[in-house]
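All heavy atoms count here, side chains included; hydrogens, waters and symmetry mates do not. Letters A, B, ... are given to chains in the order of the sequence lines, protein chains preceding strands, and every chain is numbered from 1.
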Amino acid sequence: MTSFQSYPTLKNPAGCILRVGKSSMSDQKLPTRSEDFSEWYNQLVIRAELADYAPVRGCMIVRPYGWALWENITAALDKRFKATGHVNAAFPLLIPRSFIDKEKSHVEGFSPELAVVTIGGGEELEEPLVIRPTSETIIGYAYAKWIQSWRDLPVLINQWNSVVRWELRTKLFLRTLEFFWQEGHTAHATNDEAEGETRQMLDIYTDFAVNEAAVPVIPGRKSDSERFAGAERTYSIEAMMGDGKALQAGTSHNLGQNFAKAFEIRYLDKNGELQHCWTTSWGLSTRFIGAIIMVHGDDQGLILPPRLAPFQLVIIPIYKTEDEKSGVMEVATRIRSELIAADIRVKVDEREGYSPGFKFNDWEMRGVPLRMELGPKDVAKDSVVFARRDRPGKEGKSFVSQQGIAATVADMLREIQKSLFDRALAFREANTQHPENYAAFKTAVEKGFARSYWCGRAECEARIKEETKATARCIPLEQSGGPGKCILCGEPAADQAIFAKAY
RNA sequence: CGGGGCGUAGCGCAGCCUGGUAGCGCGCCUGCCUUGGGCGCAGGAGGUCCGCGGUUCAAAUCCGCGCGCCCCGACCA
């Protein structure tokens, strides 16, 4: 441990001991989002030390700062899973190739992107093994063994793991060959129950996105073309990124009896009749980190929502002389203890040789929601200076007494959390249109979402995609306004859909 | 998998056209000095020039074949 690190306490172990380096990029400024959103994203991920490129194309190394963020995401989700009766388990990485082949649309959907192991221990394998692209099949195999009776149901299992899909075009967090996620798999006695579970988990993802990540999302149903390979119905939460494009941020599938039939997951009901189970699966991945970056970030860098930020507050001590330093550090240490006692994730930036100005910029780039500046003047006045990350410059600065500091910080973090959500929602609203005709629709999807009636036919969806590059992101659960006419063909349409260019 | 761009120090690049001692900026290390918005000075370390093959007295440079990365399109969490 070096001198600039703060030390963890049992009460507040996460985040405090993360060691950060100086940005290794030579250019001090990021590209702006308006000049090159994609490059802004790429450089930011690297410079903020969230992730790095791996030696294998399309793979990523998640660095400690990025993983700390992921851990906070997993904790928030896991808590919700447990609260709704789910338990965690671990299923194997390697799956017999034949398992994938058992469900027709599943194999069609996943075959092109499978990584296959053909040699083990130097010998050609009798049956190739695929590295799981998702675990429906191997879990189906296990459930078939475990489930005999209606008394065994429901089975509510989740696993935290990584999966591999051989994607052609990759981007850190958004689409990598290997990605980390959770996949929940449940089995039920009835279709109603399975549908209820599917919708419940969609609600949980929505709640997580809104209340933890401050990311407004639209929960909805996927069109047939966007449905998961092997699902009866797929639901997703869709979020708008800072460039107006859509990102699918979490999915929940009602698998019907497709996998139950493929793997003979059956139970004896109360009448003594053999029935196939109804299963679901649902997942949220490290892609969500990409959503947080692209929803909240600005031209200075990341802005992390306080509830998920590895560091919620960074204290920058300011001093010239040794005398000043000892005075400042004494107060900094005392404040840190108070904040840790209040469960606030805090870091004191004790790095020597970097100017305060440098540290301000450095932590802004890393997205720490709140900064405390603490110098000799503040020590003398028994006060501190706060700077809010979501309000750059003087506007976000305030001069506050050291008395009751923990409550002050907690309040400010709550405010920041709320303002991030409000801002993201306002941005989405400002970039969502309800076009009345196809010409207006085309303009709308150039820079945001178009919410329009759609007849539901694949032909219309395909033609829209071809002509505008926009796809049906989802059919929102919330539908108001009754039936209408399809934006393209004019035929009767029951529902509106969100159309947008997508990641 | 098609189109484009690029592989030279940790990062960003120059050098290549016209073959002949491998350079610049940032970062890194040491010391001094600074510190309330990306300080400064001095010294220093760091290179299979993506790989393989060819041409040549001589290849970062010319030729051929690979490999990789990034961006843009078709497929996907």
Side-chain angles (χ1 to χ4, degrees), chain A residues 21-30 36-39 41-43 46-47 52-59 108-113 133-134 162-183 205 222 225-229 234 236-239 246-253 281-291 300-301 316-321 324-325 328 349 351-365 371-379 384-385 387 392-394 396-397 399 465-466 469 471 501-503:
Chain A
K22 195 168 171 179
S23 160
S24 62
M25 307 290 285
S26 60
D27 301 312
Q28 293 195 321
K29 284 220 179 284
L30 290 165
D36 192 343
F37 194 83
S38 179
E39 194 51 28
Y41 178 89
N42 287 336
Q43 288 196 24
I46 299 295
R47 290 175 61 171
D52 205 347
Y53 293 102
V56 175
R57 176 195 75 85
C59 292
E108 283 167 7
F110 280 108
S111 281
E113 47 188 63
T134 177
S162 68
V163 292
V164 169
R165 300 179 187 176
W166 215 261
E167 301 290 347
L168 300 176
R169 229 180 111 194
T170 60
K171 191 159 178 146
L172 292 173
F173 289 120
L174 296 181
R175 187 177 295 106
T176 46
L177 294 201
E178 179 190 17
F179 59 88
F180 297 86
W181 72 345
Q182 54 70 216
E183 46 176 327
Y205 289 151
K222 282 293 196 182
S225 68
E226 300 271 337
R227 208 175 55 211
F228 175 75
T234 288
S236 71
I237 52 174
E238 300 285 332
L247 184 79
Q248 178 174 314
T251 52
S252 185
H253 315 289
S281 67
W282 27 276
L284 185 147
S285 76
T286 36
R287 168 181 267 194
F288 204 97
I289 292 176
Q300 289 298 311
I316 311 293
I318 298 161
Y319 48 79
K320 288 194 183 74
T321 64
E324 287 177 348
K325 179 180 176 183
V328 164
D349 188 347
R351 289 179 292 178
E352 297 284 351
Y354 295 110
S355 67
F358 176 88
K359 291 176 178 178
F360 296 169
N361 285 285
D362 197 42
W363 289 110
E364 280 170 10
M365 191 267 295
R371 175 178 79 235
M372 182 191 294
E373 302 170 16
L374 183 65
K377 295 179 205 164
D378 307 297
V379 171
V384 300
V385 178
K394 283 220 159 58
K397 289 217 182 190
F399 302 81
K465 183 176 182 181
E466 196 174 317
K469 309 243 190 293
T471 49
K501 294 182 189 173
Y503 276 95

Inset, instruction - May I ask you to verify whether the side chain of A:D362 and the base of B:rG38 hold a donor-acceptor pair under 3.5 Å? - result: no
Inset, instruction - Would you indicate what A:K377 reaches in the nucleic acid, counting non-hydrogen atoms under 4.0 angstrom: base, sugar-phosphate, or nothing? - result: base
Legend entry - Interatomic distance at C1', B:rU18 relative to B:rG27, whole Å: 35 Å
Legend entry - Main-chain N/O of A:P133 paired with A:R165 side-chain donor or acceptor, under 3.5 Å: yes
Legend entry - Identity of whatever pairs with B:rA60 - Watson-Crick or G-U, under 3.5 angstrom: none
Legend entry - Separation of atom CD in A:Q300 from atom P in B:rG38, rounded to whole Å: 12 Å
Inset, instruction - Under a 3.5 Å limit for both distances, which nucleotide forms a Watson-Crick or G-U wobble pair with B:rG31, could you say? - result: B:rC41
Inset, instruction - Provide the Watson-Crick or G-U wobble partner of B:rC67, both distances under 3.5 Å; none if there is no partner. - result: B:rG7
N/O donor to acceptor pairs below 3.5 angstrom from side-chain atoms of residues 282-291 of chain A, sequence neighbours left out:
unit_1 : atom_1 : unit_2 : atom_2 : d
A:W282 : NE1    : A:E197 : OE2    : 3.4
A:W282 : NE1    : A:T280 : OG1    : 3.3
A:S285 : OG     : A:R287 : N      : 3.0
A:T286 : OG1    : A:F180 : N      : 3.4
A:T286 : OG1    : A:F180 : O      : 3.2
A:R287 : NE     : A:L174 : O      : 3.1
A:R287 : NH1    : A:Q248 : O      : 3.4
A:R287 : NH2    : A:L174 : O      : 3.3

Legend entry - Euclidean distance, atom CG of residue A:N361 to atom P of B:rC39 [Å, nearest integer]: 8 Å
Legend entry - Distance, C1' atom - from B:rA9 to B:rC1, rounded to whole angstrom: 35 Å
Legend entry - C1' spacing across the pair B:rG15 / B:rC62, given as an integer number of angstrom: 16 Å
Inset, instruction - Compare the minimum distances between each of B:rA77, B:rG37, B:rG38 and the side chain of A:S285, then state the nucleotide with the smallest one. - result: B:rA77
Legend entry - Heavy-atom closest pair, residues A:I316 and A:D349: CD1-CB, 4.0 Å
Legend entry - Sugar-phosphate only, base, or nothing, as touched by A:V163 at under 4.0 Å among non-hydrogen atoms: nothing
Inset, instruction - Kindly say whether A:E178 contributes a backbone atom to a donor-acceptor pair with the side chain of A:S162 at under 3.5 angstrom? - result: no
Inset, instruction - May I ask you to say what A:S111 touches in the nucleic acid, namely base, sugar-phosphate or nothing, with a heavy-atom cut-off under 4.0 Å? - result: nothing
Inset, instruction - Give one of base, sugar-phosphate or nothing for A:I316, where a contact means two heavy atoms less than 4.0 Å apart. - result: nothing
Inset, instruction - Looking only at side-chain atoms of A:Y354, point me to the closest of B:rC28, B:rU35, B:rG36. - result: B:rC28
Legend entry - G-U wobble or Watson-Crick pairing nucleotide for B:rC17 (cut-off 3.5 Å, both distances): none
Inset, instruction - Could you check if a side-chain atom of A:T251 sits within less than 4.5 angstrom of a side-chain atom of A:S236, using non-hydrogen atoms only? - result: yes
Legend entry - Heavy-atom side-chain contact between A:Y354 and A:D362 under 4.5 Å: no
Legend entry - Assigned partner base of B:rC1, Watson-Crick or wobble definition, under 3.5 Å: B:rG73
Legend entry - Selected nucleotide, minimal atom distance to A:S355 side chain, candidates B:rC39, B:rA77, B:rG36: B:rC39
Legend entry - Euclidean distance, atom CZ of residue A:F228 to atom C1' of B:rA77 [Å, nearest integer]: 10 Å
Inset, instruction - Quickly work out the A:R47 CZ to B:rG27 C1' distance and round it to whole Å. - result: 12 Å
Legend entry - Donor-acceptor contact below 3.5 Å, side chain A:E226 vs main chain A:K222: no
Legend entry - Whole-Å distance separating the CD atom of A:Q43 from the P atom of B:rG12: 9 Å
Legend entry - Listed nucleotide nearest any side-chain atom of A:I318, set B:rU35, B:rC28, B:rG37: B:rU35
Legend entry - C1' spacing across the pair B:rG5 / B:rC13, given as an integer number of angstrom: 15 Å
Inset, instruction - Would you mind reading off the distance between A:R351 atom CZ and B:rG27 atom P, rounded to a whole angstrom? - result: 14 Å
Legend entry - Contact check, side chains of A:N42 and A:K171, non-hydrogen atoms, under 4.5 Å: yes
Inset, instruction - Among B:rG36, B:rA77, B:rC39, find the nucleotide with the atom closest to the side chain of A:Q248. - result: B:rA77
Inset, instruction - Sticking with atom P, work out how far B:rC63 lies from B:rC71, rounded to a whole angstrom. - result: 28 Å
Short heteroatom pairs, N/O only, protein and nucleotides 70-76 of chain B, under 3.5 Å:
unit_1 : atom_1 : unit_2 : atom_2 : d
B:rC71 : OP1    : A:N42  : ND2    : 2.9
B:rC72 : OP2    : A:R169 : NH2    : 2.6
B:rC75 : OP2    : A:K465 : NZ     : 3.2
B:rC76 : O2'    : A:E167 : OE2    : 3.2
B:rC76 : O2     : A:R175 : NE     : 2.4
B:rC76 : O2     : A:R175 : NH2    : 2.9
B:rC76 : N3     : A:R175 : NH2    : 2.7

Legend entry - B:rG44 and B:rU48, which share atom name C1', separated by this distance in whole Å: 24 Å
Inset, instruction - For A:G250 and for A:P392, locate the closest nucleotide of RNA chain B by heavy-atom distance; then report the residue assigned to the nucleotide nearer the 5' terminus. - result: A:P392
Inset, instruction - Flag the pair A:T134 / A:F110 as yes when at least one side-chain heavy-atom distance between them is below 4.5 Å, and no otherwise. - result: yes
Inset, instruction - Mind checking A:G283 for me? I need base, sugar-phosphate or nothing, with any heavy atom below 4.0 Å counting as a touch. - result: nothing
Inset, instruction - For A:K397, check side-chain contact (heavy atoms from CB on, under 4.5 Å) against everything at least two apart and list the hits. - result: A:R371, A:E373, A:V385, A:A387
Inset, instruction - Could you tell me the separation between the CD1 atom of A:I46 and the C1' atom of B:rG12, rounded to a whole number of Å? - result: 14 Å
Inset, instruction - Quote, to the nearest angstrom, the P distance that separates B:rG46 from B:rA22. - result: 15 Å
Legend entry - Separation of the C1' atoms in B:rG23 and B:rA14, to the nearest angstrom: 7 Å
